[in-house]
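See below for the structure under consideration.
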Protein chains: 2
Amino acid sequence: MQDEIVKSLKESGLKITTVRTRILEILNISIKPLTVHKILSEIDVNKTTIYREIDILLKAGYLNKVDFGDGNKRYELSSLDHHHHLVCIKCHAVEDVVLKETLFNEENLISLTNKFKVSYHNLEFFGYCHNCQ
Amino acid sequence: MQDEIVKSLKESGLKITTVRTRILEILNISIKPLTVHKILSEIDVNKTTIYREIDILLKAGYLNKVDFGDGNKRYELSSLDHHHHLVCIKCHAVEDVVLKETLFNEENLISLTNKFKVSYHNLEFFGYCHNCQ
DNA sequence: ATAATTGCAAACACTTTGCACATGT
DNA sequence: ACATGTGCAAAGTGTTTGCAATTAT
């Protein structure tokens with residue numbers, strides 16, 4: 001694991017355990033956000049531990065929760081550049097996409113016209129990937 | 001219930017039942033998308049019936065599923081104009097918002113550069129409402 | 001040494017299934 | 001009459017809790 005992350009974890013009062021390291025590794029390798037179920041299948045560990053660990057990593061800011069609206073929560077590293085996902089309705093392939101226009105202007109408009117201070121947003125696109133069209 | 005909807009329901013082979021009518025009424029009155037739990041608290045009906053009914057109405061296209069990422073699925077009438085939500089992280093108030101720039105252009109770009117045909121998207125904003133800032 | 005981490009069993013919450021009965025058309 | 005809708009009990013999933021044992025620092 002990268003020295004930076006190790007240092008950051010220690011500063012958060014988090015120990016460098018096998019499970020913690022493996023979760024971060026698995027998410028680092030994965031090209032798409034993973035469910036608890038998937039992570040569990042990759043590590044020989046009790047499910048309670050995974051749920052607790054993900055909670056810790058989420059709260060400490062290492063992970064982002066991603067929701068594809070299918071009833072399964074997914075997680076990805078928060079260190080990735082800001083991006084959204086293209087989720088294929090048919091084969092469930094997931095691609096990343098970076099918007100040409102950010103939503104930053106929209107968020108500013110919302111702040112002015114709705115008197116609502118936007119902290120973050122969730123945006124995912126659903127449709128058919130190249131192979132499934 | 002509006003004649004239009006009654007006609008539409010009948011054409012879909014769906015009967016005009018008390019439960020069905022009440023669900024549509026409740027969602028019509030509500031200013032925000034509702035959870036199954038909330039709908040159940042408003043109607044004296046078995047939970048199984050609600051789950052089944054929402055599934056039917058979703059598939060028939062009368063409802064949209066909305067996800068605020070808190071683990072609870074919410075539903076709203078699909079007859080509403082296309083809009084997104086501003087969800088307050090603190091008091092959980094929900095406002096509707098219509099973007100000045102649609103995501104239509106982005107979806108076209110995605111179609112060209114990613115060869116991915118977008119069918120729909122999910123977009124919700126999270127932050128602090130007027131009162132909670 | 002001691003605070004953080006883990007496993008296990010049990011509890012919880014949400015959702016679905018099978019089947020018999022009831023209702024709308 | 002008959003297809004659609006409903007209630008009930010039970011089963012399925014995903015997630016959390018309490019507590020005792022273990023591990024990293």
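Just so we're on the same page: letters track the sequence lines, and every chain starts at 1.
The local environment of NZ in A:Lys38 is sparse, with at most 12 non-hydrogen atoms from other residues, nucleotides or ligands closer than 6.0 Å. With a 6.0 Å radius and a threshold of 12 heavy atoms from other residues, nucleotides or ligands, B:Glu101 has its CD atom at or below the threshold. Around the NZ atom of A:Lys65, the shell of radius 6.0 Å holds more than 12 heavy atoms that belong to other residues, nucleotides or ligands. Residue B:Ile31 qualifies as open at atom CD1: its count of foreign heavy atoms under 6.0 Å is 12 or below.
Residues passing the ring-ring contact (aromatic ring centres under 6.0 Å, His included) test with A:Tyr128: none are found, sequence neighbours excluded. In this structure, the side-chain contact (heavy atoms from CB on, under 4.5 Å) partners of A:Ile43, at least two apart in sequence or on a different chain, are A:Arg22, A:Ile23, A:Ile26, A:Ile39, A:Val45, A:Ile50.
Rounded to whole Å, atom C1' of D:dT4 lies 15 Å from atom CG of B:Asp55. Note: CD1 (A:Ile50) to P (D:dT16) measures 13 Å, nearest angstrom. Atom C1' of nucleotide D:dG18 and atom CG of A:Asn46 are separated by 14 Å, given to the nearest angstrom. A straight line from CD1 of B:Ile56 to C1' of D:dT6 spans 11 Å, rounded to a whole angstrom. Following rounding to the nearest Å, A:Leu40 (CG) and D:dT15 (P) show an atom-to-atom distance of 10 Å. The OH-C1' distance, from B:Tyr51 to D:dT6, rounds to 16 Å in whole Å. The distance from atom CZ of A:Arg52 to atom C1' of D:dG14 is 16 Å, rounded to the nearest whole Å.
Phosphate contact (OP1/OP2 of D:dG5, side-chain N/O of B:Arg20, threshold under 4.0 Å): present.
Take the nearest nucleotide of DNA chain C for A:Thr48 and for B:His37: the residue whose nucleotide is more 5' is A:Thr48.
For the segment residues 70-79 of chain B, no residue has any heavy atom less than 4.0 angstrom from an atom of DNA chain D.
The line from CG of B:Asp96 to NE2 of B:His82 is 11.5 Å long, rounded to the nearest 0.5 Å.
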Tabulated below should be each protein N or O lying under 3.5 Å from an N or O of nucleotides 22-25 of chain D; please produce it.
residue: D:dA24; atom: N3; partner: A:Lys15; partner atom: NZ; Å: 3.2
residue: D:dT25; atom: OP1; partner: A:Ile16; partner atom: N; Å: 3.2

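The nucleotide range of DNA chain C contacted by chain A, defined by atoms under 4.0 angstrom from heavy atoms of the protein and reported 5' to 3', is C:dA3 to C:dA9.
Shown are A:Thr49, A:Asn46, A:Leu24; of these, the side-chain contact (heavy atoms from CB on, under 4.5 Å) with A:Val19 is made only by A:Thr49.
Overall, the helix from C:dA1-D:dT25 to C:dT25-D:dA1 carries an axis bend of 40° between its ends, with five pairs at each end and the value rounded to 10°.
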